[in-house]
Protein chains: 2
Amino acid sequence: MSVTALSPRRSSQRAQKEQHILSAAEKVFAEAGFGGATMQLIADMAGLPKANLHYYFATKEDLYRRVVRDIFEIWLHAADVFDAAPGPAEGIGAYIDAKMEISRRHPHGSKVWASEVMHGAPVIQDYLETTLNDWTDGRVALIQRWIDEGKMAPVNPRHLLYMLWATTQHYADFNHQIETLNHGKPLSERQWREAKNSVKAVILRGIGVA
Amino acid sequence: MSVTALSPRRSSQRAQKEQHILSAAEKVFAEAGFGGATMQLIADMAGLPKANLHYYFATKEDLYRRVVRDIFEIWLHAADVFDAAPGPAEGIGAYIDAKMEISRRHPHGSKVWASEVMHGAPVIQDYLETTLNDWTDGRVALIQRWIDEGKMAPVNPRHLLYMLWATTQHYADFNHQIETLNHGKPLSERQWREAKNSVKAVILRGIGVA
DNA sequence: TCAATTCCTGACCATATGGTCAAGGCAAAG
DNA sequence: CTTTGCCTTGACCATATGGTCAGGAATTGA
């Protein structure tokens with residue numbers, strides 16, 4: 001039994017390969033769902049034999065778990081802009097921008113997350129109950145403070161958060177529908193700006209800060 | 001080869017049984033996704049042998065197709081309230097109410113629909129390109145007219161529609177998350193009213209009609 | 001150069017799943 | 001009552017899939 005640590009070179013290469021696999025897996029899980037995804041598909045997408053895939057990730061569930069957790073991290077960090085803000089106009093505006101950017105850059109991840117939650121969150125239920133719950137409570141309190149200070153209209157903070165999540169993630173989760181309704185083409189740079197501005201305009205005016 | 005029509009009694013019983021199966025299938029597809037759903041699970045849920053299930057629906061895809069199309073119908077009919085309205089306050093307000101009610105009454109169907117679109121709409125792509133596209137164009141034109149008539153703030157109608165879809169369907173598609181953040185309990189009657197009102201308040205004020 | 005360790009892979013296995021089928025049950029028309 | 005045709009079902013099949021494994025290839029440290 002050896003306790004030798006991997007050499008830095010090996011360790012880095014391994015991390016790199018894991019990342020490559022995770023990226024392929026994210027795409028396959030997003031496009032086919034957990035049930036529809038196969039290890040063979042993921043292996044093909046990553047360009048390696050299935051057996052090799054199993055060397056890095058023992059089971060399909062392990063791989064899936066990693067994908068979902070990575071998304072969750074990104075998701076949570078989008079909130080950083082929220083806290084630093086002096087008021088709702090800046091905080092919520094920046095949050096919308098950040099989440100829209102995530103929808104644009106990580107559409108696959110967003111779908112995996114949505115799928116996971118829709119199916120009852122079998123692998124991240126504990127995260128929902130702890131981390132997400134705490135995060136939400138914090139944000140609700142912050143928004144309530146803004147309301148109490150007269151900085152925005154009195155809106156139920158929890159439902160406002162849901163609206164923010166829903167509207168921004170919609171551009172990732174339903175991007176196929178949006179593309180279809182956009183003559184089959186992805187949103188252009190200009191159209192993404194328009195989308196961001198539209199969402200921000202309605203929400204910010206909706207909470208009385210614009 | 002017989003061309004005898006089914007007796008009314010038989011025909012009705014068959015329709016009833018099909019409906020029962022469709023209901024079970026909707027639930028299973030929603031909870032497990034197309035790939036994760038099995039004919040055995042659906043049969044168990046409907047309380048009949050798998051072979052009997054195959055008598056009514058030849059293949060899993062047939063069954064799925066029927067489920068998705070049924071949802072789509074409901075989805076489209078929610079728009080009826082939209083058209084009759086004299087202006088945005090009534091039309092969009094009623095539309096939000098209608099779609100929130102659908103999220104409440106048909107959470108399974110909404111999830112199946114979301115899943116279908118997220119996975120690239122393999123079975124209803126043609127509907128998206130024809131029916132939904134036309135429907136959307138009509139609604140966009142109507143909203144634009146309201147804007148031109150000065151009845152509401154100038155908001156990109158298409159993105160406004162996306163916001164309406166996103167916010168209302170969120171309560172169905174992510175109901176597990178919402179329940180988890182609600183101390184593990186489903187929204188009460190009162191909380192549903194609060195949700196509806198919150199969404200309407202932000203959106204309607206956001207488009208300048210409240 | 002030479003172990004030691006990590007990495008890679010084709011072949012293989014057990015199981016689950018969509019779908020089939022033949023035989024029997026049952027309602028209703030004649 | 002009998003026949004006709006729909007309905008029901010246990011048993012069965014072919015295939016796909018998650019996962020294993022033994023042995024070989026690379027890489028690393030001494």
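Throughout, protein chains are lettered first and strands after them, A, B, ... in sequence-line order, and every chain is numbered starting at 1.
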Practice task
Check whether any side-chain heavy atom of B/K27 lies under 4.5 Å from a side-chain heavy atom of B/M45, and answer yes or no.
Solution key: yes

Handout entry: Nucleic acid footprint by protein, nucleotides 15-21 of chain D - heavy-atom cut-off 4.0 Å, B for base, S for sugar-phosphate alone
Key = --SBBBB

Exercise for the section: Return the value, rounded to whole Å, for the distance between atom CG of A/N52 and atom P of C/dC7. Expected result: 10 Å

Handout entry: Atom-to-atom span, CZ of A/F57 to P of C/dC8 - whole angstrom
Key = 13 Å

Exercise for the section: Indicate yes or no: does A/E18 engage A/R66 in a salt bridge with an N to O separation below 4.0 Å. Expected result: yes

Fill in the blank from the handout: Taken to the nearest whole Å, CG/B/L53 to P/D/dT9 is 12 Å

Exercise for the section: In whole angstrom, give the distance that lies between atom CD of A/Q16 and atom C1' of C/dT6. Expected result: 17 Å

Handout entry: Phosphate OP1/OP2 of D/dT8: any B/Y55 side-chain N/O under 4.0 Å
Key = no

Exercise for the section: Find out whether B/F29 and B/K111 are in side-chain contact, i.e. whether some heavy atom of one side chain is under 4.5 Å from a heavy atom of the other. Expected result: no

Handout entry: Proximal nucleotide (of C/dC7, D/dC6, D/dG10) relative to the A/Y56 side chain
Key = C/dC7

Practice task
In plain terms, say whether A/E101 and A/K196 are close enough for a salt bridge, that is, a side-chain N and a carboxylate O under 4.0 Å apart.
Solution key: yes

Problem - C/dT6 OP1/OP2 closer than 4.0 Å to side-chain N/O of A/R14 - result: no

Problem - Pair A/Q169, B/H170: side-chain N/O donor-acceptor within cut-off below 3.5 Å - result: no

Exercise for the section: With the side chain counted from C-beta on, respond yes when A/R104 and A/N175 share a heavy-atom pair under 4.5 Å apart, and no when they do not. Expected result: no

